[in-house]
Amino acid sequence: MELDFYPLDASYAVVRDAPVIRIYALTASGEQACVLVEGFKPYCFAASQKLALEELKQGLAKLPVFKDDKPVSFDLEQSSLHLLGREIACFKLIAQLPEDIPLIREALDAQGLEALEADIPFAKRYMIDTGLVPLALYRAYGEQVAGIMKVPSFAASRIEKISDQAPGNLNVLAFDIETHSPLGKFAVAEENPIIMLGFASESFQKVITWKSFKTELDYVEFVPSEFELISRFKEIIDRQKPDVIVGYFSDGFDLPYIKARAEKYKINLELGPYNSPIIIRKGMMPSAEIAGIIHLDLFKFIRKIMGRSLETDSFDLDSVAKELVDESKDKIDFDEMNRVWESRPEELEKYCRYNLQDALITLKITHKVMPSIIELVRVIGLPMQDVTRMGYSQLVEWHLIKRAREFGELVPSKATYSEIRDRKSKTYEGAFVFEPEPGIYQNIAVFDFRSLYPTIIHAHNISPDTLHCSCCPSELFCKKKPGFVATVIGDLIKRRMSVKQMIKESPQDKFLGARQEVLKTIANSMYGYLGFFGARWYSIECAQSITSFGRQYIQTVIQQAAGAGFKVLYSDTDSVFLLVGQKPREEVVSFVASINKQLPELMELDLEGFYRSALFVSAKAKEAGAKKKYALLSESGKLQIKGFETVRRNTSIIAREIQEKVLQLILTEVNHETALAYVRETVSKLRRREIGIDKVIITTQLRQDIDDYDSIGPHVAVAKRMRLLGKRIGPGTIISYVITPGKEKISQRARIPDEAGEYDTEYYVNNQIIPAVARIFAVFGLKPEDIIAQNQSKLDSFFNA
DNA sequence: GATTGGCGGGG
DNA sequence: GTGTACGCCAATC
């Protein structure tokens, strides 16, 4: 018989003293199934730098390994694998059970021998060694056997890949709980009940609560008590049979909470097709898993992986929803919700809507990011459960582990604590940044190296295993044998190029877009990984060689640009800004071509585009131009602003607006006079109080408890006032305030916007507007006091006319 | 300026 | 589960 299936996840069980791999699968027809594989054996390696092969073998033959005083048996097999490119005396130790491996490792440790690859979990080991990739299509040959729990099972004697096709539709069920909590405090599972439980999937919506009220909402279901609410959680998951359940911070909140409440009531909360308990891993990063159901914590994935590409720096559901699906959550006063729950259940409807909304938004975001998750799973080759909880360095590392064996490489061990401390103390030179001459320039061309660091790694064979090879004594990196990391990254780059080619043919395929994005992400993370203190393939020599080559390449471009008669305005890491001036554009194009002719395979300098104008400002207290701080105006009139740090929080809207407008005017007009007039006009308006109070509100986040502050800044003073008014203020609260006129200290003049009345115009002129634009006007020789000078310029009168 | 401590997310 | 955890900002010396 055969069975076509998509692996979702894998684990193992010990049956009659032998491990059996269980592949949790979705059949091609969309049913849950379990594919069983016997005969895969746990193993690790023992290696020695000092001992000869024969000595090592003899040592291993009498290696004492015991489990409860009984000897543990294992087989020995000579291995010819390398460690970081070097030959090493090495044996494979093949055990009976996965649990024997840690015992073998300890025994090796005790003999002063190194255990290698003894920390790769058994089910992952199976997937890596057999090349089984989740969410691709496989065919198993074998026979139907008695089902594991509620799931039809299939004992496979052989498995082969059929295609890279991902399953069409995963059944995703989002869930969310609301809890009761004491006034002003956060709920704790030991004391406070779950009051609502919401679900949302493509075809299903429900909110369960245990106090009834009159409602028209058809998705609300009443149960008699929290006990039944938790029982319904299990029933609904059993009935809906989701492939994926998703929550927002459900690793750290919802699932641990549900589990704790179930334990309190002694409810047997065995979930899903395999009657699996919720397993909570505590620690710095708690996680929750349910064997046989993929549990996705959307928060964790967004924060660790997607966060980098998002604008928001806060990862609460509301901010993330606004950015990713253009939706926002209703505002809820939780103290009010708790009071309603306690004494006015007839008003609970609003909170049921809120509960469902959370689940719906979570579902919507999940659908939006699912292509990225699926592609990440397929590129890394490990289950969704795992890859959505990894950071970049772990993703890179598992990708390398997945490919190590093809290169005859052993997976290096993790660094010890002292090695890590050592590595952390080491630094090295980074990228080259060209200091721009402050000023405004017209007609600019911008170039950048496409994937500079990844292509350098590939082009120069940079890899921990090619470093100081024995065959090329005068070279830093081997010239003969392709390195492991260098080849892997070359493959990533080439795969991405071919995917981009496919995108040209079918541009609307969102999976292709996600795949090239994932391939880029992994490739771009490789440099950082090599210099990351926790990396198995850590190599500071590799990391510093990469930046060193990067500096050489960019400086070569700069020199040749100068040689070709271009003035170099600016350069940072992988980009160069040139003044084109009156030169014909063909010269720019042929300049790029001449550079590209000299570059090694896969390296390429792109002409990113032409710009109408650019502004560089000077660094604080320096003549030289500031690095990483400039504004560009594209040919289509689009403004790009980089690094102006006044455009941040602690800044009022008026200050941000004026900064952007000033840059816009200066870049468009290519002089500062209109911008200056605009600033003066705005200052006049502000002094006439024609600027609304909403534009002068300053917001700051409270970092600690109010009473813990020693220095009372304006936001702390206002927070105290808010507390006096009965508002619940704690760490994390965003405090909005306005500075009002007066002679006292700033903090004493800060007011809640509603209570402010009027604002202090001179404070806003001197502390918000001028600092926001001072550096820009300094480029034109204006001092801060010149900006709003009393002697009027002619343009000023032009504006007032 | 380095170092340390706490928090994020969730209700 | 053959395992392990992070990274940033603010306060503080």
Side-chain angles (χ1 to χ4, degrees), chain A residues 11-14 19 41-45 93-106 115-126 176-189 192-196 247-257 279 281-287 289 291 297-304 307-308 313-320 332-338 341 351 354-355 358 362 386 389-394 397-398 401 411 413-414 532-534 536 649 700-705 708-711 713 728 730-732:
Chain A
S11 74
Y12 74 99
V14 174
K41 294 219 165 170
Y43 66 89
C44 65
F45 296 92
L93 281 64
I94 303 158
Q96 305 304 312
L97 294 174
E99 65 191 54
D100 296 344
I101 298 293
L103 304 171
I104 292 174
R105 189 221 314 240
E106 280 167 34
L116 283 151
E117 305 199 9
D119 55 0
I120 296 173
F122 188 58
K124 288 194 178 66
R125 176 92 268 172
Y126 171 78
D176 179 53
I177 59 170
E178 306 303 323
T179 58
H180 182 256
S181 39
L183 195 65
K185 288 202 184 135
F186 204 83
V188 283
N192 311 116
I194 299 168
I195 59 176
M196 282 172 200
Y248 204 79
F249 199 50
S250 41
D251 268 348
F253 183 70
D254 301 70
L255 283 180
Y257 210 104
I279 306 285
R281 298 242 180 81
K282 299 229 167 87
M284 292 212 286
M285 291 224 161
S287 74
E289 55 184 80
D297 182 342
L298 186 63
F299 162 71
K300 199 167 274 176
F301 173 70
I302 300 251
R303 206 199 52 181
K304 293 185 98 157
R308 175 198 70 106
D313 46 16
S314 157
F315 294 105
D316 58 281
L317 182 56
D318 191 46
S319 313
V320 171
I332 286 290
D333 180 333
F334 289 108
D335 288 339
E336 179 65 7
M337 178 175 83
N338 288 316
W341 177 259
Y351 302 100
Y354 174 81
N355 184 221
D358 269 7
T362 302
D386 300 290
R389 286 170 176 77
M390 291 175 186
Y392 288 107
S393 64
Q394 279 178 89
E397 188 153 280
W398 281 108
I401 290 173
V411 175
S413 296
K414 290 199 181 140
F532 165 57
F533 57 79
R536 291 177 191 258
R649 68 186 71 125
T700 306
Q701 194 182 40
L702 216 57
R703 282 283 160 185
Q704 47 182 345
D705 220 78
D708 294 346
Y709 280 95
D710 287 332
S711 61
R728 205 56 59 181

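Remember, predicted model here, so these are calculated numbers, not experimental data. Naming: A, B, ... by sequence-line order, numbering from 1 per chain. Atoms considered below: every heavy atom in the structure, side chains included; atoms not considered: hydrogens, waters and symmetry mates.
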- Message: Of the listed nucleotides (dT2(C), dG9(B), dC6(C)), which one gets closest to any side-chain atom of Pro121(A)?
- Response: dT2(C)

- How is Tyr351(A) classified with respect to the nucleic acid when contacts are heavy atoms under 4.0 Å: base, sugar-phosphate, or nothing? nothing

- Item | Nucleotide dT2(C), atom P - distance to CD of Gln96(A) in whole Å | 16 Å

- Would you kindly give the NZ-to-C1' distance between Lys304(A) and dC6(C), to the nearest whole Å? 6 Å

- Carboxylate-amine/guanidinium proximity below 4.0 Å for Arg536(A) and Asp119(A): yes

- Task: Find the distance Tyr43(A):OH to dT2(C):P and express it as a whole number of Å.
- Result: 13 Å

- With Tyr248(A), which of Asp358(A), Asp316(A), Val320(A) fulfils side chain to side chain contact (heavy atoms under 4.5 Å, CB included)? Val320(A)

- Query: With a 4.0 Å cut-off on heavy atoms, is Ala118(A) in touch with a base, just the backbone sugar-phosphate, or nothing at all?
  - Reply: base

- Supply the atom-to-atom distance Ser250(A) OG to Ile177(A) CD1, rounded to the nearest 0.5 angstrom. 10.0 Å

- Message: Between P on dT4(C) and CZ on Arg281(A), what's the gap in Å once rounded to a whole number?
- Response: 12 Å

- Residues within residues 249-257 of chain A bordering DNA chain B, heavy-atom distance below 4.0 Å: Phe249(A), Phe253(A)

- Query: With a 4.0 Å cut-off, would you call Lys124(A) and Asp386(A) a salt bridge?
  - Reply: yes

- Counting any heavy atom closer than 4.0 Å, what does Asp297(A) reach on the DNA or RNA strands: base, sugar-phosphate only, or nothing? nothing

- Message: Regarding Phe334(A), tell me which of base, sugar-phosphate or nothing describes its non-hydrogen contacts under 4.0 Å with the strands shown.
- Response: base

- Query: Is Asp358(A) touching bases, backbone alone, or none of the nucleic acid, heavy atoms closer than 4.0 Å?
  - Reply: sugar-phosphate

- Query: Of the candidate nucleotides dT2(C), dG11(B), dC6(C), which contains the atom at the shortest distance from the side chain of Phe186(A)?
  - Reply: dG11(B)

- Task: Using a heavy-atom cut-off of under 4.0 Å over every strand shown, decide if Ile177(A) touches base, sugar-phosphate, or nothing.
- Result: sugar-phosphate

- Message: Please evaluate residues Tyr257(A) and Phe253(A) with respect to the criterion ring pair (Phe, Tyr, Trp, His ring centres under 6.0 Å), reporting the C-alpha separation (whole Å), side-chain torsions for both, the decisive distance (0.1 Å), and the verdict.
- Response: CA-CA 6 Å; Tyr257(A) 210 104; Phe253(A) 183 70; 5.2 Å; yes

- Task: Can you figure out which of dG9(B), dT2(C), dG11(B) approaches the side chain of Tyr248(A) most closely?
- Result: dG9(B)

- Message: By the 4.0 Å heavy-atom rule, please label Ile332(A) as base, sugar-phosphate, or nothing.
- Response: nothing

- Note on the structure: Among dG9(B), dT4(C), dG11(B), the one nearest any side-chain atom of Glu178(A) is dG11(B)

- Provide the distance between the two P atoms, one in dG10(B) and one in dC6(C), to the nearest whole Å. 22 Å

- Message: Using 0.5 Å steps for rounding, measure from the CD atom of Gln394(A) to the CZ atom of Arg389(A).
- Response: 12.0 Å

- Item | Whole angstrom value for the distance that separates C1' of dA10(C) from CG of Asp313(A) | 15 Å

- Item | From dT2(C), dG11(B), dT4(C), nucleotide with atom closest to Arg125(A) side chain | dT2(C)

- Note on the structure: Minimal heavy-atom distance between Asn192(A) and Pro182(A), with the atoms involved, is ND2-CD, 3.5 Å

- Item | Integer angstrom distance from the P of dA5(C) to that of dG11(B) | 29 Å

- Message: Taking only side-chain N and O atoms of Tyr126(A), does any of them lie within less than 4.0 angstrom of OP1 or OP2 on dT2(C)?
- Response: no

- Message: Using a heavy-atom cut-off of 4.0 Å across all strands, would you classify Thr179(A) as base, sugar-phosphate, or nothing?
- Response: sugar-phosphate

- Task: Select base, sugar-phosphate, or nothing to describe what Asp316(A) touches, counting heavy atoms under 4.0 Å on all strands.
- Result: sugar-phosphate

- Item | Rounded distance in Å - CG (Asp386(A)) to P (dT2(C)) | 12 Å

- Message: By the 4.0 Å heavy-atom rule, please label Glu99(A) as base, sugar-phosphate, or nothing.
- Response: nothing

- Query: Asn355(A) side chain to Tyr351(A) main-chain N or O, any donor-acceptor pair under 3.5 Å?
  - Reply: no

